[in-house]
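Computed from a predicted structure; not experimentally measured.
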Amino acid sequence: MYSNILSTPALLQTLQLIAKPTKTLENYAAKYGEIFTVQVMGLKSPPIVFFSHPQAISDCFVIPAQKLNFKKATHVFKPLFGENSIVFQEARSHQQQRQLLLPIFHGDNLKSYGQTICQITEDLTQTWTSATDIYIHKSMSNITL
């Protein structure tokens, strides 16, 4: 599988991800494609590969947890994923959470979730006004959870 490696210096990538994680990842995906590699600063931080193609994401969920080292995920991504994200769980806990999540992502379940997500989004955005700041990361977390 091919992955575009960002040419942006690691320090700048780190600062961009901390300041605007969602926007930064959207920009990288638009510029580098469906699969790209980010090198962030951090003690012994390995390169991180991001996938946006649905099949690639699905493939990630079938990798046995013991083949993944989640301790290498850096602190930079905790604001994006959250402290309790499946991404940061140890192998056994990760495997248990993943087994709980997998049925949700099959067939007709996704269609009904799509309708629910649309309704939650509509309800949430109804409260937005032009006079207030909107923190989209928090809103997106509320919608997706």
Side-chain angles (χ1 to χ4, degrees), residues 1-125 128 132-145:
M1 191 175 283
Y2 178 75
S3 173
N4 290 314
I5 300 173
L6 274 61
S7 58
T8 308
L11 178 59
L12 184 54
Q13 290 178 43
T14 303
L15 294 174
Q16 289 171 333
L17 284 166
I18 290 169
K20 297 180 181 180
T22 306
K23 183 66 175 168
T24 298
L25 293 174
E26 288 172 353
N27 289 341
Y28 288 165
K31 183 174 181 179
Y32 297 101
E34 295 175 336
I35 302 170
F36 58 91
T37 302
V38 175
Q39 180 65 56
V40 296
M41 300 294 285
L43 215 48
K44 299 180 183 177
S45 294
I48 307 290
V49 180
F50 282 87
F51 303 91
S52 62
H53 188 278
Q55 184 58 50
I57 294 168
S58 177
D59 291 346
C60 289
F61 276 95
V62 297
I63 298 171
Q66 58 270 26
K67 290 191 176 195
L68 302 171
N69 186 347
F70 294 101
K71 286 186 176 183
K72 289 186 177 181
T74 69
H75 64 283
V76 174
F77 296 102
K78 285 188 180 177
L80 180 63
F81 294 124
E83 284 285 329
N84 297 316
S85 171
I86 190 171
V87 172
F88 299 110
Q89 300 302 310
E90 296 295 327
R92 184 180 197 129
S93 176
H94 172 83
Q95 189 69 30
Q96 290 170 338
Q97 287 186 12
R98 199 167 77 176
Q99 287 174 346
L100 291 172
L101 289 172
L102 279 176
I104 296 169
F105 295 105
H106 286 4
D108 291 334
N109 288 343
L110 286 180
K111 291 178 186 171
S112 68
Y113 290 131
Q115 294 168 350
T116 302
I117 290 168
C118 286
Q119 185 60 54
I120 291 168
T121 304
E122 287 178 17
D123 292 347
L124 180 67
T125 57
W128 293 356
T132 50
D133 291 335
I134 298 166
Y135 298 94
I136 199 69
H137 176 69
K138 183 177 180 183
S139 296
M140 291 304 297
S141 292
N142 290 338
I143 291 167
T144 59
L145 293 175

Student: Indicate the atoms forming the closest heavy-atom contact of T24 with Q16, along with that distance.
Tutor: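 Shortest heavy-atom separation between T24 and Q16 comes out as OG1-O, 2.9 Å.
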Student: Which of parallel (below 30°), tilted (30 to 60°) and perpendicular (above 60°) describes F36 and Y28?
Tutor: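 Aromatic pair F36/Y28 classed perpendicular.
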Student: Measure across V49 and F51 and return the closest heavy-atom pair with its distance rounded to 0.1 Å.
Tutor: CG1-CZ, 3.6 Å
Student: Using a 4.5 Å cut-off on heavy atoms from C-beta on, say whether the side chain of L17 contacts that of L25.
Tutor: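 Answer yes - side chains close enough.
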Student: Could you grab the distance from atom CG of L11 to atom CG of L15, nearest 0.5 Å is fine?
Tutor: 4.5 Å
Student: If I compare all heavy atoms of S52 with all of G33, which pair ends up nearest, and what's the gap?
Tutor: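 Minimum heavy-atom contact is OG-O, 4.4 Å.
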Student: About how many Å separate CD1 of I134 and OG of S139, when rounded to the nearest 0.5 Å?
Tutor: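 Between atom OG of S139 and atom CD1 of I134 there are 7.0 Å.
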Student: With a 3.5 Å distance limit and no angle check, can you tell me whether T37 reaches the backbone of P47 through a side-chain donor-acceptor pair?
Tutor: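 Not a single qualifying donor-acceptor pair exists.
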Student: Which residues pass the side chain to side chain donor-acceptor pair (under 3.5 Å) test with Q39, not counting sequence neighbours?
Tutor: none
